[in-house]
Amino acid sequence: MPRWVPLALLIATMPCSLASPTTSSLNKRDLDEPISPPYYPAPNGGWVAKWADAYEKAHAVVSNLTLAEKVNLTTGTGIYMGPCAGQTGSVPRFGIPSICLHDSPLGVRNTDHNTAFPPGITVGATFDKSLMYERGVALGEEARGKGVNVLLGPSVGPMGRKPRGGRNWEGFGFDPVLQGVGAAETIKGMQSTGAIACIKHLIGNEQEMHRMSSVITQGYSSNIDDRTLHEFYLWPFAEGVRAEVGSVMIAYNDVNKSACSHNSKLINGILKDELGFQGFVVTDWLAHLGGVSSALAGLDMSMPGDGAIPLFGDSYWGPELSRSVLNGTVPTERLNDMATRILAVWFKMGQDQDYPLPNFSSNTEHEKGPLYPGALISPIGVVNQFVNVQGSHNTTARAVARDAVTLLKNEGDLLPLKRNNSLKIFGTDAGPDPQGLNSCADKGCNRGVLTMGWGSGTSKLPYLITPQEAIANISSTAEFYITDSFPSSVEANDEDIAIVFINSDSGENFITVDGNPGDRKSSGLHAWHNGDDLVKAAAERFSQVVVVIHTVGPIILEEWIDLDPVKAVLIAHLPGQEAGYSLTDILFGDHSPSGHIPYTIPYQESNYPSSVGLLQQPFGQIQDDYTEGLYIDYRHFLKEDIKPRYPFGHGLSYTSFGYSNPSLSIVTPLDSVYPPARAAKGQTPTYPNTIPPASEAAWPSNFKGIWRYIYPYLDNPASDAAVANSSKTYPYPDGYSTTPKPAPRAGGAEGGNPALWDVAFSVKVTVRNTGRRPGRAVAQLYVELPGSLGLDTPSRQLRQFEKTKILEPGASEVLTLDITRKDVSVWDIVVQDWKTVVGGEGVKIYVGESVLDERVECEVGGQCSIL
Ligand code: NOJ
């Protein structure tokens with residue numbers, strides 16, 4: 001049987017009685033001609049017990065809000081109309097401020113006295129759950145300290161489908177479980193401080209070019225079949241919802257030909273019904289493309305509020321949402337649910353209790369400035385209070401960057417260096433930005449050490465410890481050549497060690513750097529600034545070369561990796577403000593490297609499937625068909641039997657580890673193919689869902705507005721209300737209905753049926769430090785699902801990982817790796833549920849230090865053995 005049977009084919013060959021019920025999610029046309037089936041009405045929030053208090057409080061308030069007040073909560077006040085990336089209207093009568101939504105996933109963007117943490121890809125490379133959580137707490141504390149209500153992260157979409165994709169570095173790696181754990185720990189950490197997390201971008205935002213519509217093109221359509229969606233791209237979102245994330249950001253692009261912001265199947269069906277999401281759904285910025293359509297499809301908040309042309313204060317919502325409720329087009333129930341969801345999140349995080357108001361402005365560095373910079377004429381006031389929110393977060397930032405450093409090769413144990421080694425350092429990537437710290441907006445340049453990619457996923461560096469500075473602190477004799485052209489004058493002695501710094505950058509589409517419009521279009525997967533030549537030149541002169549790489553993702557090393565002098569190679573990922581010290585901690589042996597690459601490094605780009613290349617098209621809409629299905633990154637390399645240069649999860653240490661005493665125990669027996677039936681949905685808040693009086697949307701008397709500010713009011717609400725009783729009808733989308741759908745069987749709680757997270761098996765293994773230096777090991781658990789499931793499935797899938805504490809030589813630790821029912825299930829497109837094999841029969845489990853470095857094998861029902 002071929003690896004990938006098109007789902008269209010599978011369904012077409014099924015008996016009609018079985019195939020027909022699946023059309024709610026996927027049908028024959030899914031791959032031939034992608035469609036996103038209708039799913040209405042929007043499920044109301046509030047049926048999950050853990051949210052009961054918050055929903056009760058929200059209900060008490062919403063019951064007393066006017067139409068305009070409710071709308072005010074749903075709509076941003078307009079681009080550049082406040083201190084944050086976006087803010088909602090407020091409800092002063094109930095003490096509800098404008099809710100501030102602001103970037104980024106790695107720190108508070110465009111402000112001062114913050115911490116610039118390492119981004120997601122670096123966090124993923126640590127494979128350290130505690131650090132993921134600790135960084136989340138620190139992010140939340142900084143957001144709270146600055147008065148940011150909703151910090152726009154973590155990012156788990158893109159997922160790294162396209163190695164050249166511009167924003168892969170904002171997420172945790174090219175694997176759904178690594179992304180899911182990274183997201184869940186970050187969310188739990190952030191929200192423990194009262195800040196609201198926003199997991200993004202749902203879904204299929206895998207390349208930057210053409211993500212948005214322009215006058216001549218429409219944002220691309222990511223055409224994803226149902227199984228691939230569930231088993232790969234949706235997985236981390238499900239983990240985020242299970243971690244009780246407060247908000248979800250919708251992507252710019254279409255999924256299966258329906259824009260994410262009004263895709264009823266995606267929001268109503270999958271996110272709110274199947275995953276049981278209780279928070280609110282917000283657009284990406286200016287991703288709002290339709291008023292009524294998005295409201296019906298389950299969108300709850302429009303950011304930054306503007307309509308198609310963000311210049312004149314028009315909006316798809318704001319007054320238009322008031323109008324469409326008054327004239328009966330959008331059910332009042334839907335608006336009540338939007339407002340209730342938003343306030344429930346606000347109450348759940350305790351933001352009604354002394355949560356600070358924004359004390360910064362992302363628009364200016366000055367103390368005073370316009371309060372509404374987007375208005376031509378704006379009152380001036382104090383906008384920056386320069387509040388220092390850093391605490392001791394530099395320690396966390398350094399620990400993450402250090403524990404991510406990944407040693408790819410270390411011939412003859414050249415590393416760690418000795419403090420008295422004779423060092424010559426090359427490359428601008430070792431030094432500062434010659435034009436100054438933060439000299440280009442949103443890091444839209446690649447000068448000096450690469451600490452993060454560019455775009456909205458950034459923050460300013462409050463300071464930067466460069467590798468040059470950190471090395472100079474340790475080695476008084478080190479010589480620095482902060483240039484990317486190898487200096488001809490350099491003398492090399494036999495004992496000299498050259499350290500060459502190179503990098504590869506990418507970012508968000510609104511900035512193009514050196515011909516790379518976000519995606520690595522012109523650089524490809526090669527080092528920037530002729531980095532390969534620099535390494536080769538150093539290798540011609542020196543007999544010992546160490547290469548340090550700062551990179552957003554996979555990078556091709558082939559021009560020099562096998563040269564004899566290139567003894568050691570480190571990937572330091574994107575280290576944030578602590579670039580220098582986190583590296584010297586490793587280079588000079590204060591810590592052993594313990595990072596592992598969260599993606600595969602190939603020999604050449606053609607090793608990837610052709611379907612994951614960047615797509616460009618001058619007119620119309622790109623159809624981006626996910627024909628490779630689940631076979632992304634290592635899954636593809638294994639299936640095609642392509643040897644990678646370095647496999648997913650690879651990372652050496654200065655010491656070595658032995659694995660012993662593996663055992664597997666059954667915790668919750670898998671005694672059914674599908675999970676036990678879900679619980680029924682609980683009650684949701686009820687309101688009188690009659691159309692409110694027109695007067696509730698009228699301008700308040702003597703109201704003086706700010707030009708371009710988006711208000712919820714209408715000039716003549718009575719005439720809009722009159723339409724409700726007229727014969728005028730709205731052309732509702734096909735399949736529109738106000739009758740709630742039966743609860744999906746795969747749902748039942750946040751994330752899905754809670755039985756999916758029952759621990760089915762628990763693997764224990766002893767990891768011993770068998771070398772001569774202290775170090776930390778990462779045990780990675782991969783599953784191989786049995787053919788009896790009847791589906792073509794990747795031969796290895798990461799399902800769990802654990803990292804030891806620092807083990808002294810000879811010391812050991814017993815690691816426990818739990819595997820859930822979901823971990824050993826596939827998504828059954830016919831039944832629309834997760835399917836496993838009873839007893840887990842035939843499931844194989846491997847534990848190792850990369851996807852190819854297996855140390856332990858266990859067969860369910862059989863023995864575990866050391867490999
Ligand atoms: C667009 C980006 O895609 C998103 O990630 C970001 O949060 C918003 N802009 C706000 O800056």
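Indexing begins at 1, ligand by ligand and atom by atom, following the structure's order.
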Would you call Arg211-Asp519 a salt bridge at under 4.0 Å N-O? no
Can you pull the side chain to side chain donor-acceptor pair (under 3.5 Å) pairs that have at least one residue in residues 171-195, sequence neighbours excluded? Asp175-Tyr634, Asp175-Arg635
Hey, which atoms in ligand 1 end up nearer than 4.0 Å to a heavy atom of Arg109? 11 (O)
Glu508 heavy atom under 4.0 Å from ligand 1: yes
Once the angle between the rings of His573 and Tyr599 is folded into 0 to 90°, is it parallel (under 30°), tilted (30 to 60°) or perpendicular (over 60°)? perpendicular
Given 3.5 Å as the limit, does a donor-acceptor pair link the side chain of Ser315 with the main chain of Gly305, or not? yes
Subset of ligand 1 atoms that lie under 4.0 Å from at least one heavy atom of Lys200: 4 (C), 5 (O), 6 (C), 7 (O)
What are the atoms of ligand 1, with element, lying closer than 4.0 Å to any heavy atom of Tyr252? 1 (C), 3 (O)
Within 4.0 Å of some non-hydrogen atom of Leu152, the atoms of ligand 1 are 7 (O)
Identity and separation of the nearest protein heavy atom to atom 11 (O) of ligand 1: Asp103 OD2, 2.5 Å
Output yes when Asp514 and Lys521 qualify as a salt bridge under the 4.0 Å nitrogen-oxygen rule, no when they do not. no
Please confirm whether Met303 comes under 4.0 Å of ligand 1, counting heavy atoms of the residue only. no
Relative to each other, are the rings of Phe386 and His113 parallel, tilted or perpendicular (30° and 60° limits)? perpendicular
What residue among Glu134, Arg135, Gln577, Glu141 forms side-chain hydrogen bond (donor to acceptor under 3.5 Å, both in side chains) with His393? Glu141
Check ligand 1 against Arg211 and write out every atom of the ligand that is under 4.0 Å from a heavy-atom position of the residue. 3 (O)
Dump the intermediate steps for salt bridge (charged side-chain N to carboxylate O under 4.0 Å, His left out) on Asp103 and Lys200, then the final yes or no. CA-CA 11 Å; Asp103 298 295; Lys200 65 190 187 183; 3.6 Å; yes
So the atoms of ligand 1 within less than 4.0 Å of a heavy atom of Ser456 turn out to be 2 (C), 4 (C), 5 (O), 6 (C), 11 (O)
Does at least one non-hydrogen atom of Phe510 fall below 4.0 angstrom from an atom of ligand 1? no
Using a 3.5 Å distance criterion without hydrogens, assess whether the side chain of Gln207 forms a donor-acceptor pair with backbone atoms of Met209. yes
Which part of His102 is near ligand 1, with near meaning a heavy atom under 4.0 Å away: side chain, backbone, both or neither? neither
Should one rank Asp442, Val282, Asn509, Asp284 by closest heavy-atom distance to atom 3 (O) of ligand 1, which comes out on top? Asp284
What is the nearest protein non-hydrogen atom to atom 5 (O) of ligand 1, stated with its residue, atom name and distance? His201 NE2, 2.7 Å
